[in-house]
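Just below is one structure, and these are the notes that go with it.
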Amino acid sequence: MSETMINPQQEENDDVLQRFFSRGGSLRMLTDIDDQDLVQLYSYAGQLFAAGEFVASRNFYQLLSTFDHWNYDYLLGLGLSHQRLSAHEEAISCFARAGMITIDDPRAAFFAGLSYRLVGNEAYARKAFNAAIMWCGEQSHYQEIKGNAERMLTATTEEVSCTLV
């Protein structure tokens with residue numbers, strides 16, 4: 001038998017995996033990784049971020065979001081790490097994915113607005129800040145974000161750069 005022939009079993013397995021992922025499956029679902037282990041990794045990533053170790057926090061959040069690409073907190077953390085590293089295009093991508101997962105949480109829209117502004121896309125920044133304000137609504141735990149988004153609508157790009165440093 002020729003080495004160039006495709007193994008029908010392998011092709012079938014590939015199709016099964018492709019269907020699994022296209023229907024919302026994640027690596028976390030395929031592995032027997034304990035949820036507590038992911039909680040500990042997430043906690044460590046947050047500690048690294050808080051300590052200003054943004055490359056390391058990005059790496060841990062990337063690992064976590066690879067295991068579970070449907071987890072809002074992993075994607076938000078990854079986006080924030082990218083943002084602190086001035087990788088705003090990557091940050092925007094993470095915030096967009098997070099925003100699609102949990103649409104009523106205004107944090108992703110707000111942080112996307114910051115990155116949009118810093119890459120010079122003022123139109124999208126304004127849309128993101130307006131979306132954040134709308135999603136904050138009257139929810140008491142989001143009023144600080146709402147106020148910040150309102151201020152960002154009147155701020156200049158230089159003022160935003162200073163707030164991220």
Side-chain angles (χ1 to χ4, degrees), residues 18-30 33 35 38-39 41-50 52-157 159-165:
Q18 186 175 15
R19 278 194 308 274
F20 173 77
F21 288 120
S22 71
R23 292 184 176 148
S26 69
L27 284 177
R28 181 186 57 78
M29 295 173 174
L30 291 176
I33 294 175
D35 286 342
L38 294 176
V39 168
L41 285 173
Y42 177 70
S43 176
Y44 186 60
Q47 291 171 17
L48 289 167
F49 185 88
E53 298 290 334
F54 304 121
V55 171
S57 69
R58 179 206 55 206
N59 293 343
F60 275 90
Y61 286 125
Q62 181 66 55
L63 175 67
L64 288 162
S65 63
T66 299
F67 279 119
D68 189 354
H69 58 276
W70 292 105
N71 187 297
Y72 178 89
D73 294 320
Y74 299 168
L75 290 168
L76 187 69
L78 181 58
L80 288 170
S81 296
H82 280 305
Q83 191 175 63
R84 291 299 175 104
L85 293 166
S86 296
H88 295 290
E89 296 294 339
E90 291 87 350
I92 290 167
S93 175
C94 292
F95 297 140
R97 289 172 37 214
M100 289 188 301
I101 293 168
T102 307
I103 196 164
D104 59 345
D105 187 322
R107 294 176 296 168
F110 175 75
F111 292 121
L114 293 177
S115 283
Y116 276 124
R117 180 164 283 166
L118 290 168
V119 296
N121 191 335
E122 187 61 30
Y124 276 56
R126 296 185 70 71
K127 288 179 182 184
F129 292 136
N130 282 317
I133 291 166
M134 179 187 70
W135 288 321
C136 286
E138 299 306 316
Q139 298 180 71
S140 61
H141 56 286
Y142 289 135
Q143 291 311 295
E144 183 178 355
I145 290 175
K146 185 177 184 178
N148 288 337
E150 290 168 343
R151 282 187 289 285
M152 286 295 118
L153 286 172
T154 61
T156 65
T157 303
E159 292 169 339
V160 174
S161 295
C162 291
T163 62
L164 286 178
V165 177

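- With rounding to the nearest 0.5 angstrom, the CD atom of E90 is 11.5 Å from the CZ atom of F95.
- Residues satisfying the ring pair (Phe, Tyr, Trp, His ring centres under 6.0 Å) criterion with F49, sequence neighbours excluded, are F54.
- A pairwise comparison of heavy atoms in R117 and E122 identifies NH2-OE2, 2.6 Å as the closest pair.
- Listed by chain and residue number, nothing satisfies the side-chain hydrogen bond (donor to acceptor under 3.5 Å, both in side chains) test with R97 (two or more places apart in sequence, or in another chain).
- Contacts of A56 classified as side chain to side chain contact (heavy atoms under 4.5 Å, CB included), with partners at least two apart in sequence or in another chain: L48, E53.
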Walk me through it: do D68 and L38 pass the test side-chain contact (heavy atoms from CB on, under 4.5 Å)? CA-CA 10 Å; D68 189 354; L38 294 176; 5.5 Å; no
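- The side chain to side chain contact (heavy atoms under 4.5 Å, CB included) check on V55 picks up R58, N59, L85, with sequence neighbours excluded.
- Judged purely by atom type and a 3.5 angstrom limit, S81 uses its side chain to pair as donor or acceptor with the backbone of G77.
- Expressed to the nearest 0.5 Å, how far OG of S115 lies from CD of E89 amounts to 8.5 Å.
- L75 places a side-chain heavy atom less than 4.5 Å from the side chain of I101.
- The heavy-atom pair separating Y74 from L64 by the smallest distance is CD1-O, 3.3 Å.
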Distance-only check: which donor-acceptor pairs under 3.5 Å involve side-chain atoms of residues 123-138, not counting sequence neighbours?
| unit_1 | atom_1 | unit_2 | atom_2 | d |
| --- | --- | --- | --- | --- |
| R126 | NH1 | L153 | O | 2.8 |
| N130 | ND2 | R126 | O | 3.1 |
| E138 | OE2 | K146 | NZ | 3.4 |

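- Side chains of Q83 and H88 form a contact here, defined as non-hydrogen atoms less than 4.5 Å apart.
- Looking at residues two or more places apart in sequence or on another chain, you find a side chain to side chain contact (heavy atoms under 4.5 Å, CB included) between D105 and Y72, T102, R107, Y142.
- Here L118 contributes atom CG and S86 contributes atom OG; the two are 7.5 Å apart, rounded to the nearest 0.5 Å.
- Taking every heavy atom of both residues into account, Q62 and S65 meet most closely at O-OG, 3.2 Å.
- Put simply, CG on L78 and NE2 on H69 are 14.0 Å apart, with the number rounded to the nearest 0.5 Å.
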